[in-house]
Protein chains: 4
Amino acid sequence: MVSNAMDRPRFNARRQRRIARGRQRIMSAAATLFAQTGFANTTTKEIAHRADMAEGTLYNYFDNKRGILLAVAKEAETPMIAALQDPQALEDRDAMVSMFEKAMDISESQLPFARTRFSEASVDDVILQESFMVRLRKIHQLLEEHIAGRIAAGVFRPIDAALGARMVMSVFGGLIVPALRGAAPLPSPEERHSLAETVVDLLLDGIRLRDS
Amino acid sequence: MVSNAMDRPRFNARRQRRIARGRQRIMSAAATLFAQTGFANTTTKEIAHRADMAEGTLYNYFDNKRGILLAVAKEAETPMIAALQDPQALEDRDAMVSMFEKAMDISESQLPFARTRFSEASVDDVILQESFMVRLRKIHQLLEEHIAGRIAAGVFRPIDAALGARMVMSVFGGLIVPALRGAAPLPSPEERHSLAETVVDLLLDGIRLRDS
Amino acid sequence: MVSNAMDRPRFNARRQRRIARGRQRIMSAAATLFAQTGFANTTTKEIAHRADMAEGTLYNYFDNKRGILLAVAKEAETPMIAALQDPQALEDRDAMVSMFEKAMDISESQLPFARTRFSEASVDDVILQESFMVRLRKIHQLLEEHIAGRIAAGVFRPIDAALGARMVMSVFGGLIVPALRGAAPLPSPEERHSLAETVVDLLLDGIRLRDS
Amino acid sequence: MVSNAMDRPRFNARRQRRIARGRQRIMSAAATLFAQTGFANTTTKEIAHRADMAEGTLYNYFDNKRGILLAVAKEAETPMIAALQDPQALEDRDAMVSMFEKAMDISESQLPFARTRFSEASVDDVILQESFMVRLRKIHQLLEEHIAGRIAAGVFRPIDAALGARMVMSVFGGLIVPALRGAAPLPSPEERHSLAETVVDLLLDGIRLRDS
DNA sequence: AATGAATGAGATTTCATTCAT
DNA sequence: CATGAATGAAATCTCATTCAT
């Protein structure tokens with residue numbers, strides 16, 4: 001009310017930052033809890049407590065509890081896609097190893113977000129479609145294109161590129177899903193490298209055209 | 001009073017059948033709903049309605065709602081393990097194809113049970129441990145032994161058998177998990193066969209010792 | 001329908017006995033349970049189980065659960081009143097001792113009935129009025145008359161007979177209530193005698209006219 | 001943020017008052033209802049209605065219905081023990097009269113609490129043990145010591161002090177229990193005085209060493 | 001914006017009673 | 001008469017959301 005024309009922009013910038021910080025605190029708290037016991041078993045009271053604010057304050061940042069879930073699910077920015085968007089991703093063995101390594105590199109702080117998205121996708125249609133499938137399809141498409149290219153280049157056997165992509169994704173899934181399910185801890189960088197190498201070797205020697 | 005000794009068994013048999021029918025009706029209704037929207041989002045009212053009985057009747061068969069969940073999770077009898085217990089499972093290409101085919105053969109009626117177990121494992125510790133991990137470990141162990149045998153026989157490359165088992169499971173997971181997540185429909189028998197064949201080919205040509 | 005005029009009476013007699021036996025079994029089971037955990041915390045299922053019959057069978061003998069309670073409360077036939085109705089009850093020290101002794105003589109099998117009546121009187125108006133107060137008032141009246149007689153005979157001090165009666169009842173209550181509350185075990189016959197003697201001595205030396 | 005150090009205490013004080021008022025309102029409402037119809041026959045709906053709040057609000061103050069009961073039972077602060085702790089309690093006739101008088105002085109507002117504790121003790125083990133018996137034993141012990149002292153001083157007859165204590169408690173019970181049971185109204189101050197006087201006279205003339 | 005007590009709709013669970021067998 | 005599964009009304013309890021401060 002006292003603010004004049006000059007204050008606004010500054011206020012707004014600050015305000016934006018403050019709002020962003022608030023949202024972040026909430027999302028981080030929520031992600032951890034969602035990852036542990038699931039969305040439905042987490043109360044807004046718990047989220048507020050972990051975010052160190054009052055229950056009512058949550059509603060200054062989100063419309064409702066589900067809004068927090070959707071934000072958490074969307075936030076989860078795994079480096080998977082980045083890794084796969086690299087046009088060199090399947091260029092040669094080392095590139096593939098590097099790709100798997102990077103794709104498995106989910107930071108401790110990102111894990112709850114990824115877990116939440118993965119878990120709640122089986123229960124929430126919006127998350128399944130807008131957050132989960134969209135990414136999977138994107139990855140699938142990139143992989144398919146890469147593989148088609150390698151086939152055209154005479155490096156891979158002339159298989160169904162779509163199925164090949166699915167195969168690669170499966171193998172990657174076998175590496176990362178246990179951690180997302182909470183059934184296994186996150187692999188250390190060393191474990192990631194060694195896993196990636198072995199898996200790529202096994203994959204390649206099947207997928208690569210054999211010279212005999 | 002005189003014919004008690006004879007009546008009891010008959011009464012019990014009838015009673016057993018009636019109870020089994022009741023339990024089964026409830027579990028079947030519950031499994032479908034759990035698979036669709038998750039345990040926490042399914043109300044006892046919905047279960048009762050779908051099982052065509054009064055809400056209170058549920059409690060003549062189960063102690064509480066979670067009791068239904070546990071029964072559903074335990075019930076899920078996928079043919080996976082049976083398929084894998086076949087000592088011939090990895091004998092040759094055809095045996096492997098057949099194994100994958102059988103392991104993917106989840107009937108429409110069993111699917112909700114399997115889905116429930118798969119989904120709720122990430123939220124319910126008892127299910128995760130007693131129902132989910134137990135089976136996974138069993139499968140893993142069987143595969144590892146099979147693979148170690150093939151390596152000893154000079155058929156497979158001398159890789160880490162444990163990692164090989166994980167690889168096979170990953171590939172199988174890539175085939176079946178989408179259906180369990182509700183992200184894809186169950187594959188038809190034909191699709192199963194074709195999927196199994198391609199996947200085995202890709203797997204084998206990596207795992208098989210290359211001559212020349 | 002087949003029965004003729006001669007059968008009826010015999011049938012009826014047998015029937016009466018059978019019915020009486022059934023009621024008794026139920027009441028005995030119920031009294032025990034009511035005494036342990038109270039009427040409201042006892043389920044018909046428990047009563048039926050303890051009476052070794054099916055739940056539905058209860059309703060062949062009683063209109064409803066409360067009917068069982070009322071019957072139990074009414075049944076409780078403590079020897080208190082009988083003891084007090086003896087015209088000699090307060091005649092001399094020995095008679096008084098004997099009276100207290102007899103009045104405390106609640107058999108193990110009667111205890112649950114007495115306990116139930118005592119406990120539920122504080123919650124159930126019908127029991128309070130029709131089963132509890134009626135008896136208390138009767139006892140009070142008898143005692144008052146006895147005491148008035150002793151005063152007239154110059155044996156007791158010229159006190160308010162009503163208050164004297166209340167005093168005697170209080171002392172008796174102090175002896176028996178703990179057992180009814182479940183706070184103390186039933187006194188053995190020896191304990192009863194010794195208690196009665198001491199209590200009477202204490203009572204008498206206050207109530208008896210002192211000769212100086 | 002600046003004035004936090006100062007605000008907190010004030011906030012807390014206000015909060016304490018508000019909470020205390022809430023708890024008190026609930027306990028008062030509950031005590032009245034429990035005293036009338038018993039714990040098991042009182043619904044949370046009734047309690048909330050009488051406390052003039054929504055049913056759910058109860059659970060902001062207590063974990064569950066039983067929590068309310070326990071709080072009510074604990075609250076009941078009868079002046080009995082205070083009266084008995086007076087070292088002069090049995091000093092002479094007037095002291096005894098005064099003691100009984102004070103011990104009977106249960107205010108109208110405290111009565112439901114006392115009634116609840118008395119009634120529910122027969123059904124709830126925690127209340128019986130932690131709330132009821134503890135106090136009875138305390139009273140008993142104090143009385144016993146007083147009496148032993150009077151005996152040593154040659155004022156009372158050389159009786160068993162424990163039994164004497166029980167006797168005093170019985171007489172007191174006879175005075176107060178009817179009110180606790182709901183079988184009689186609370187005595188007015190005048191009635192209390194007159195009752196105490198008569199009862200003490202009767203007690204004393206038995207318990208007091210007779211000169212003659 | 002922040003607070004957190006109050007709300008009330010809705011979920012789970014209990015259990016006396018009925019009724020078909 | 002006996003049975004016990006089915007019923008459904010009612011009780012307890014949870015928790016996302018609101019709102020006065």
Side-chain angles (χ1 to χ4, degrees), chain A residues 15 18-19 22 39-49 51-68, chain B residues 1 7 11 14-15 18-19 21-23 40-48 51-68, chain C residues 15 18-19 22 39-49 51-68, chain D residues 1 7 11 14-15 18-19 21-23 40-48 51-68:
Chain A
R15 194 171 165 252
R18 207 173 29 194
I19 289 179
F39 172 73
N41 300 313
T42 301
T43 65
T44 49
K45 179 178 235 156
E46 286 167 338
I47 298 173
H49 179 71
D52 197 30
M53 54 177 67
E55 234 176 314
T57 310
L58 298 179
Y59 292 84
N60 289 333
Y61 295 97
F62 294 95
D63 280 352
N64 50 38
K65 191 187 165 195
R66 187 151 180 277
I68 304 178
Chain B
M1 280 223 170
D7 282 354
F11 268 132
R14 217 188 283 168
R15 203 172 151 249
R18 216 174 3 189
I19 287 180
R21 261 186 288 146
R23 280 182 72 91
N41 301 312
T42 302
T43 66
T44 50
K45 181 180 224 154
E46 286 166 339
I47 298 173
D52 195 31
M53 54 177 67
E55 227 174 321
T57 309
L58 297 178
Y59 294 85
N60 288 338
Y61 295 97
F62 295 94
D63 280 352
N64 48 42
K65 192 186 163 194
R66 187 153 179 274
I68 303 178
Chain C
R15 193 170 165 253
R18 208 173 27 194
I19 289 179
F39 172 73
N41 300 313
T42 301
T43 65
T44 50
K45 179 177 236 156
E46 286 167 338
I47 298 172
H49 178 73
D52 197 30
M53 55 176 66
E55 233 177 316
T57 310
L58 298 178
Y59 293 83
N60 289 332
Y61 295 97
F62 294 94
D63 280 352
N64 49 40
K65 192 187 165 195
R66 187 150 181 276
I68 303 178
Chain D
M1 278 227 173
D7 281 354
F11 267 132
R14 218 188 282 169
R15 202 173 152 248
R18 214 171 9 186
I19 287 180
R21 261 186 288 146
R23 279 183 73 90
N41 300 312
T42 302
T43 67
T44 49
K45 180 181 224 155
E46 286 166 339
I47 298 173
D52 195 32
M53 53 176 67
E55 224 175 323
T57 308
L58 297 179
Y59 294 85
N60 288 338
Y61 295 97
F62 295 94
D63 279 353
N64 48 41
K65 191 186 162 195
R66 189 156 177 273
I68 304 178

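Just so we're on the same page: letters track the sequence lines, and every chain starts at 1.
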What pair of heavy atoms forms the shortest contact from [X] to [Y], and how long is it?
X     : Y     : answer
B:A48 : B:E55 : CB-CA, 3.6 Å
D:T44 : D:Y59 : CG2-OH, 3.6 Å
A:E46 : A:N41 : OE1-O, 3.9 Å

Nearest 0.5 Å, what's the [atom1]-[atom2] distance between [X] and [Y]?
X     : Y     : atom1 : atom2 : value
B:D52 : B:T57 : CG    : OG1   : 10.0 Å
B:L58 : B:R23 : CG    : CZ    : 12.0 Å
D:Y61 : D:R21 : OH    : CZ    : 8.5 Å

Without decimals, in angstroms, what is the distance between [X] [atom1] and [N] [atom2]?
X     : N      : atom1 : atom2 : result
A:E46 : E:dG4  : CD    : P     : 17 Å
D:R23 : E:dA6  : CZ    : P     : 13 Å
B:I47 : E:dA11 : CD1   : P     : 12 Å
A:I68 : F:dC15 : CD1   : C1'   : 13 Å

Exercise for review: Assign A:F62 to base, sugar-phosphate, or nothing according to its heavy-atom contacts below 4.0 angstrom with the strands shown.
Suggested key: nothing
Check your understanding: Heavy atoms under 4.0 Å, any strand shown: does C:I19 hit a base, just sugar-phosphate, or nothing?
Key -> sugar-phosphate
Point to revise | Secondary-structure notation, DNA chain F, from Watson-Crick and G-U pairs under 3.5 angstrom (| other strand) | key: .||||||||||||||||||||
Practice item. Produce a footprint string for nucleotides 14-20 of chain E: one letter per nucleotide, 5' end first; B if the base is under 4.0 Å from any protein heavy atom, S if only the sugar-phosphate is, - if neither. Key: BSBBB--
**Study point:** Flag, side chain of C:K65 to backbone of C:F39, donor-acceptor distance under 3.5 Å
**Key:** yes
Exercise for review: Assign each of D:L58 and A:D52 to its nearest nucleotide of DNA chain E by heavy atoms, then name whichever residue's nucleotide is nearer the 5' end.
Suggested key: A:D52
Exercise for review: Tell me whether the OP1 or OP2 atom of E:dA2 has a side-chain N or O from A:Y61 closer than 4.0 Å.
Suggested key: yes
